[in-house]
> 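Quick one: the structure is below, questions incoming.
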Amino acid sequence: MDAHTPTAAQLPSPDEAPLDDAIRAAGLLLEQYGHVVVAYPASLPVAHERRLYTVRSVLESHRLALVKLDLPPLGTAVLVRQLRQLSICDFGPGVIASAARLLSHYVYAGALLHSVAKLDRVPVGLKSHAKSWVPGAQFAVLASPAPELIKVGSGGQSDPPLLTGPDFATRMVLARGQAQPDWVSGTLAPHWQAQGIDEVPLPAASAAWWGTPKLVEFAAFLPDIAILYQLVSSVRREACSWCGIELIGDLCGFCAAPVAPGDPGGSGGPGGSGGPHHPDRGRFLPSGVLGHGTAPG
């Protein structure tokens with residue numbers, strides 16, 4: 001991690017500490033920072049998610065935002081790190097919370113798998129399921145921003161062509177499980193024109209998320225805080241009609257109130273030269289930052 005990126009706190013899970021400890025920890029963070037954004041994966045166990053809502057209810061605070069991220073574990077860690085980077089900029093907490101959905105469209109997260117037999121988070125056809133039982137079979141799977149699956153041959157060849165990648169400059173991070181990263185680092189990364197590769201430990205939740213420990217997880221992302229700042233600041237800001245906090249998108253991350261009908265929060269202009277563009281910019285939902293998972297860097 002670079003010296004300029006703030007660290008993230010973690011609220012203890014039901015298995016790690018009693019509810020009182022979690023309430024106390026969240027209360028201290030609110031006292032220290034004023035507002036807290038809790039970013040957590042959609043794959044979080046129900047009991048843990050229920051605890052987060054219980055903590056917010058007990059504290060009776062709309063200053064604690066709960067933001068669910070529908071990304072694989074490594075992609076979630078990447079996005080949490082980006083929110084941490086933005087937290088030192090001149091954005092208010094409502095904009096930071098809202099930026100989670102916007103930035104998730106620019107994280108290309110996937111994995112190289114030796115089997116898709118137990119993969120249930122990305123659509124898998126019957127033919128791919130059958131092929132996954134063939135010895136030596138490998139599959140490259142993209143979960144975000146749009147699901148995609150290809151078979152990788154024994155010589156590192158893919159059929160059909162390689163996964164659809166970003167059309168803007170990114171950096172790649174990979175985490176190896178019980179598989180070698182050669183195809184990811186030697187074939188996919190150059191095809192995606194990734195400007196550098198970093199290797200990090202495999203998140204604890206990855207094997208369960210992907211349905212196998214024989215994997216290499218990867219994510220391509222925007223590493224430059226200047227581009228992230230430009231992207232977020234290009235979206236028009238709104239004031240929440242209920243709690244008054246400033247946000248981007250059409251839903252407040254703190255009180256969950258929608259933006260008033262007929263005022264959807266459109267784009268304030270193009271992202272600027274050199275930056276990525278998304279056709280849906282301006283319609284994104286709203287999330288110190290709390291994170292769950294191993295954050296790279």
Side-chain angles (χ1 to χ4, degrees), residues 1-2 4-11 36-44 49 52 65-89 91 93-111 121-122 142-147 165-166 168-175 192 194 198 200-206 209-210 217-233 235 247-249 251 253 271 275-276 278 280-281 283-297:
M1 185 187 72
D2 64 81
H4 303 291
T5 302
T7 57
Q10 284 192 317
L11 288 178
V36 173
V37 177
V38 181
Y40 69 96
S43 57
L44 194 71
E49 183 178 28
L52 295 178
L66 300 179
V67 181
K68 184 184 293 189
L69 305 176
D70 193 15
L71 289 168
L74 189 59
T76 296
V78 163
L79 185 50
V80 168
R81 183 179 185 272
Q82 291 177 326
L83 295 178
R84 287 157 47 201
Q85 288 178 295
L86 290 173
S87 70
I88 64 174
C89 299
F91 297 126
V95 173
I96 297 295
S98 308
R101 184 183 175 193
L102 168 62
L103 297 180
S104 68
H105 287 266
Y106 300 92
V107 176
Y108 281 68
R121 299 186 183 277
V122 177
L142 189 66
S144 174
F168 48 88
T170 63
R171 189 171 184 87
M172 180 176 283
V173 61
L174 66 83
W192 281 6
D198 300 307
V200 298
L202 186 72
S206 293
W209 201 98
W210 292 103
E217 192 170 9
F218 56 84
F221 61 99
L222 295 165
D224 190 341
I225 188 173
I227 296 297
L228 294 175
Y229 181 89
Q230 179 185 29
L231 190 58
V232 174
S233 60
V235 183
L247 55 87
I248 59 175
L251 186 70
H278 193 283
D280 289 335
R281 181 182 300 162
R283 298 208 307 259
F284 296 99
L285 293 177
S287 136
V289 175
L290 296 183
H292 294 269
T294 304

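What you are looking at is a predicted structure, and each value in this text was computed from that prediction instead of being measured.
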> State the CG-OG distance between Asp70 and Ser104, to the nearest 0.5 angstrom.
8.5 Å
> Looking only at heavy atoms, what is the nearest atom pair of Leu79 and Ala100, with distance?
CD2-O, 3.5 Å
> Would Tyr229 and Phe91 satisfy ring pair (Phe, Tyr, Trp, His ring centres under 6.0 Å), going step by step from the backbone distance to the final call?
CA-CA 9 Å; Tyr229 181 89; Phe91 297 126; 4.8 Å; yes
> Ignoring hydrogens and geometry, is there a side-chain-to-backbone donor-acceptor pair from Gln82 to Leu222 under 3.5 Å?
yes
> Out of curiosity, Arg101 CZ to Ile248 CD1, how far, rounded to the nearest 0.5 Å?
10.5 Å
> Are any non-hydrogen side-chain atoms of Leu52 and Tyr40 less than 4.5 angstrom apart?
yes
> Testing the basics here: between Ala111 and Phe218, what is the closest heavy-atom pair and its distance to 0.1 Å?
N-CE2, 3.2 Å
> Report the distance from atom CG of Leu83 to atom CG of Leu69, rounding to the nearest 0.5 Å.
7.0 Å
> From Leu102 CG over to Leu231 CG, what is the distance, rounded to the nearest 0.5 angstrom?
4.5 Å
> Atom CG of residue position Asp198 - does it have more than 12 heavy atoms of other residues, nucleotides or ligands inside 6.0 Å?
yes
> Specify the closest pair of heavy atoms between Met172 and Ala194, including all atoms of both residues, with the distance to one decimal.
CB-CB, 4.0 Å
> Rounded to the nearest 0.5 Å, what separates atom CG in Asp224 from atom CD in Gln85?
8.5 Å
> With a 4.5 Å limit on heavy-atom distance, are the side chains of Tyr106 and Pro166 in contact?
no
> Are the side chain of Ser144 and the backbone N or O of Ala109 linked by a donor-acceptor pair below 3.5 Å?
no
> Return the minimal non-hydrogen interatomic distance between Glu217 and Gly75, and the atom names on each side.
OE2-N, 4.4 Å
> Looking at every heavy atom in both Ala175 and Leu74, which two are closest together, and how far apart are they?
N-CD2, 4.2 Å
> Answer whether the closest heavy-atom distance between the side chains of Val95 and Leu86 falls below 4.5 Å.
no
> Look up atom CD1 in Ile96 and atom OG in Ser87, then write down how far apart they are to the nearest 0.5 Å.
6.0 Å
> For a quick test of reading the model, state the closest non-hydrogen atom pair linking Pro41 to Lys68 and the distance between them.
C-CG, 4.3 Å
> Less than 4.5 Å apart, side chain to side chain, heavy atoms only: is that true for Ile88 and Ile225?
yes
